[in-house]
Amino acid sequence: MAFEPYECIDAGTEYCPCHLAETGDCILCSQLQKCDCCQCEHWKGVCIYQEFVWNNCKAKKTREYHKCKIIEKKIYSDSIVIFTIKAQESLLRDLTPPGSFVFLRKPKDVSLFDFPISLMDVNLKEHTMKVAIQLVGVKTNRIDELKENDDILVKGPYWNGILGLNHIKECPENSTCVLIGRGIGQAPMIPVLKALNEKKCRIITIIDKGKYPNVFVDDYIDMYNPQVILCNTLKKGELTLEFKEILLDTLINEKPYLVHCDGADILNYNVMKGIDAVNESEALSHEILYSCCNNAKMCCGEGVCGCCTRKNNDRVLRRMCKMQTDPKYVLEGRRKY
Amino acid sequence: MKIVIIGGGWSGCAASLSAVKAGAEVHLYERTDMLLGLGNVGGIMRNNGRYTASEELIAMGGGELIQLCDENSVHRGIEFPGHKHANLYDVNNIEAVVKRYLIDKGVHLHMQSRICDVELDKKRIIGVYLSTGEFVQGDVFIETTGTSGPMGNCLRYGNGCSMCVLRCPSFGPRVSITKCAGLEDMMGERSPEVYGAFSGSCKLVKESLSNEIREKLEKEGVVVLKVPKEDVNLDKLKMKVCQQYALKEFAENVILLDTGHAKLMTSYYPLDKLRKIKGLENAKYVDPYSGGKGNSIRYLSVAKRKNDLKAIGLDNLFVAGEKAGLFVGHTDARTTKVRTFATLW
C-alpha cells in the first residue's frame with residue numbers, strides 16, 4: 001500500500017496536543033500512540049510529545065463556545081438560510097483560511113445539538129461571518145428557529161473542511177483554477193474563490209444549483225468575477241454528459257493547476273476520477289491537482305466521539321476531524337457495507 | 001545496480017563512495033541541507049586505535065574520507081587525557097568539501113529529502129517513499145540513518161531537545177527504515193533499563209573564550225581547565241555515548257579541543273557553572289544551543305543485523321554506522337561501510 005503523506009490539521013496550533021494525545025490515539029506522534037520510540041513518518045514541524053510533556057501530560061483546552069449575535073437572516077428557497085453573525089475579531093481571524101468551519105447551536109440547547117457548518121465568508125472589517133445552512137434535519141431545523149438579533153453559540157475555529165488543502169495554499173500566483181460547486185456546496189467554495197482571487201488566479205467556476213431554483217452566491221460571483229459555467233452535474237448518482245464534456249474540455253484546453261470541488265462525495269469522487277484519467281493520458285505537461293470538501297460527519301470535532309472515523313478497503317482508520325490528507329485516500333476504496 | 005542510501009552522515013557518505021567505486025548507480029537521500037550529520041560537530045580522528053583503523057581503511061581502498069579529514073585538519077597529532085596522536089578536522093569547512101567530493105565522484109545527492117516509508121515485496125524492499133509521497137525504486141538499500149534523536153526520544157530518554165545540529169524540527173526527524181519494514185530495533189542501555197546515551201560533547205563559540213584560552217587552543221589544539229571541586233560530577237560520565245572519554249580526568253577538568261569551535265568534552269554543562277571557570281566567563285554554546293541543559297540522545301534504534309551488515313529479516317537492506325551497532329566515532333562509522341561493500345561485491 002502506498003505511503004499516504006498526511007498531517008493533523010491541529011498539529012502546531014494552540015489546540016495541540018488534544019485529547020487524542022491523552023488516550024494514546026494521536027494521529028501523528030508514535031510516542032503518543034503507546035509506542036516507546038519516535039517514528040515521525042508524518043511530521044508537521046513540531047514535536048507533539050514535547051508539547052504534551054511540557055503541558056503536564058494533559059491536552060490543551062479545546063475550542064470554546066462564543067456567544068455571538070445574528071445580525072441578518074436571509075432565506076433562500078424553502079431550505080437554505082444564510083446567517084450573518086457578529087463575532088469577536090480573534091475568532092474571525094482564525095476562520096479566514098479556506099476549509100474553516102464552526103459548530104453552531106441555540107444558546108438554550110444542550111451540546112447534543114452542535115452541528116458543523118463551513119464558513120461562506122468572513123468580513124474582518126465588519127467583524128462578521130456568513131454561513132449558509134441547508135435545513136435537513138433535527139439540528140439545522142432547530143437553528144432555523146433563531147431570528148435576527150438573537151444570540152447564537154459558535155464553537156471554533158476548526159479548519160479541516162477541505163481535503164488537499166496544501167494544493168490551495170501552495171497554488172502559485174496567476175495560475176488557472178477550476179472551482180466546482182453544487183447545491184449547498186456553493187457556500188464553502190467562496191473562501192477558496194477568495195483565496196485564489198488573492199493570488200490573482202484565473203478562475204473558472206462550474207456551478208450547479210442542485211435542487212435549488214437559483215444560485216445563491218451571486219454577490220460573490222459579482223465581487224470576484226470568475227468565469228461562470230452553469231450546468232447540471234449529477235443525475236441519478238452519475239455525472240451528466242453535459243458536465244463531463246464541460247469538465248473534459250476545461251481540463252484539456254485550460255490546463256488548470258488545480259481543480260476544487262464542493263459537492264457530495266459521489267460528485268467529488270467522479271470529478272477526481274475524471275482528473276485522474278486526464279492526468280494518466282499525459283495530454284498535459286503537468287499533473288492537475290485536486291482538492292474537495294471534507295464531507296465526513298462530525299459531532300465533537302475532536303476525533304473523540306468516533307463520528308468522523310472512516311475505514312476504507314485499506315483498513316486504515318482515519319479521523320476526518322483531524323486528518324488533512326489528499327482526497328484520493330479518503331474517496332478511493334470506500335467500503336460498501 | 002541502483003543503490004539507495006538513506007542518511008547522509010559520515011557512514012552514508014562512505015557507503016556512497018564505496019558503492020560508486022564498485023560501479024553502482026548511487027542515490028544518497030539526506031533529510032537536511034547538510035551532509036555529515038553529527039560529523040558537522042565532531043572532529044576527532046586518528047586518536048588511539050583509530051589511527052590504525054584509519055590506515056587500514058586507506059590500505060583497503062576506503063580511505064578517501066580519512067584523507068579529506070587529514071587535509072582539512074586544523075591540528076595534527078595532539079594529545080589530551082587518555083588520547084594520543086589525534087587529528088582534529090575543521091568542522092566549519094569539512095561538509096562543503098565532502099559534498100563537492102561526492103558530487104565529483106558521481107554520487108546523486110538528494111538533499112532535504114526525508115525517507116518515511118518502504119514498499120515491500122515479501123522480504124525485499126522494492127522502493128522507499130519520501131515524505132512528499134514520491135516513490136523511489138532501487139535494487140539495494142543501505143540505511144545509515146543513525147540512532148540519534150529525534151526530539152521526542154531526547155525528551156523521553158534525556159533532558160529534552162537541546163537544539164543540536166540535527167535540526168529535527170526544521171527538516172523533520174529521522175525515521176527508522178528497519179522499523180518501517182516491520183523489523184524490531186534494539187535500544188542501547190546506559191545503565192540497567194535506562195535507555196539511550198547522551199552525545200558526548202558540546203561546542204563553544206571560540207570568540208566567547210578569553211584571549212588567553214583562545215590563543216592557547218588555536219596554538220596547541222587542546223586546553224585543560226580545572227573544574228571547581230564542588231562542581232565535579234563523576235556520575236555524569238555514565239550517561240555519555242563515548243565511553244572512551246568517560247575518564248575521571250574528563251569529570252575533574254574541562255577539556256577543550258579546537259575543531260573550529262571549542263569542543264567541550266562533556267555531554268552538557270550548566271552555563272552558570274561553566275562561567276565560574278577562569279577564562280570562560282563569557283562562554284556561549286553553539287552546538288547544541290542548549291548545551292547547558294542537555295544533548296542529543298543516541299542508541300535508540302539499532303538494527304538487528306548479521307556480520308555482513310545485512311538487516312535480519314530482509315534480503316536487500318544493509319545497515320551501517322550507528323544504525324549497525326553501538327559505534328562511537330566517525331572512523332567506526334566509515335569502517336562499517338567498507339565491511340558492507342566487501343560483502344556486496
Side-chain angles (χ1 to χ4, degrees), chain A residues 1-8 11-12 16-17 21 24 26-57 163-167 169-170 276 279 287 289-291 314 316 323-330 332, chain B residues 31 114-120 126-136 145 147-163 166-188 193 195-196 294 296-297 299-302:
Chain A
M1 186 59 210
F3 173 68
E4 176 183 356
Y6 67 80
E7 290 178 351
C8 173
C16 171
C26 176
I27 68 166
L28 293 191
C29 173
S30 57
Q31 298 254 19
L32 295 169
Q33 291 165 1
K34 304 182 178 87
C35 174
D36 56 7
C37 241
C38 293
Q39 181 78 341
C40 310
E41 290 168 11
H42 306 278
W43 176 252
K44 207 184 166 190
V46 287
C47 177
I48 301 171
Y49 179 68
Q50 164 140 323
E51 293 291 320
F52 184 67
V53 172
W54 279 85
N55 202 43
N56 297 321
C57 297
L163 302 174
L165 258 180
N166 277 347
H167 301 325
K169 281 187 201 161
E170 290 162 13
D276 284 351
N279 282 338
E287 190 184 335
L289 300 175
Y290 182 61
S291 59
D314 59 9
V316 174
M323 192 184 200
Q324 178 50 228
T325 186
D326 202 85
K328 67 182 170 194
Y329 299 108
V330 179
E332 205 64 80
Chain B
R31 64 183 179 83
R114 197 169 74 103
I115 304 295
C116 285
D117 205 358
V118 300
E119 187 74 41
L120 289 172
I126 54 172
V128 290
Y129 290 98
L130 269 71
S131 57
T132 53
E134 189 187 324
F135 186 58
V136 176
T145 57
T147 68
S148 309
M151 302 163 71
N153 283 341
C154 295
L155 179 58
R156 178 173 284 216
Y157 303 105
N159 294 348
C161 174
S162 53
M163 299 183 71
L166 294 176
R167 300 169 295 161
C168 305
S170 310
F171 296 101
R174 73 171 172 82
V175 167
S176 164
I177 302 303
T178 42
K179 200 167 179 182
C180 290
L183 306 180
E184 190 81 29
D185 284 334
M186 298 183 290
M187 291 164 83
E193 293 181 15
Y195 295 99
S296 57
I297 295 291
Y299 294 169
L300 292 172
S301 66
V302 178

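Numbered from 1 within each chain, the chains take letters A, B, ... in sequence-line order.
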Task: Approximate separation, where rounding is to 0.5 Å, of A:H42 NE2 and B:D117 CG - done: 7.5 Å
Open item on the list: To the closest 0.5 Å, what do you measure between CD (A:Q50) and CG (B:N153)?
Closed with: 12.0 Å
Open item on the list: Looking at chain A, which one of B:C180, B:C161, B:S301, B:G196 has the largest number of heavy-atom pairs inside 4.5 Å, strictly under?
Closed with: B:C180
Side-chain touch [X]/[Y], heavy atoms, less than 4.5 angstrom:
X: A:S30; Y: B:K179; value: no
X: B:M151; Y: A:V46; value: no
X: B:R156; Y: A:C37; value: no

So which part of [X] gets closer than 4.5 Å to some heavy atom of chain A, the side chain, the backbone, both or neither?
X: B:T132; value: backbone
X: B:S176; value: both
X: B:C168; value: backbone
X: B:Y157; value: side chain
X: B:L130; value: backbone

Looking only at heavy atoms, what is the nearest atom pair of [X] and [Y], with distance?
X: A:F3; Y: B:C116; result: CZ-CB, 3.6 Å
X: A:C40; Y: B:P173; result: SG-CG, 3.5 Å
X: A:E41; Y: B:R114; result: O-NH2, 3.6 Å

TODO: Provide the full list of salt bridge (charged side-chain N to carboxylate O under 4.0 Å, His left out) pairs with a residue in residues 27-40 of chain A, sequence neighbours left out, each pair given once.
DONE: none
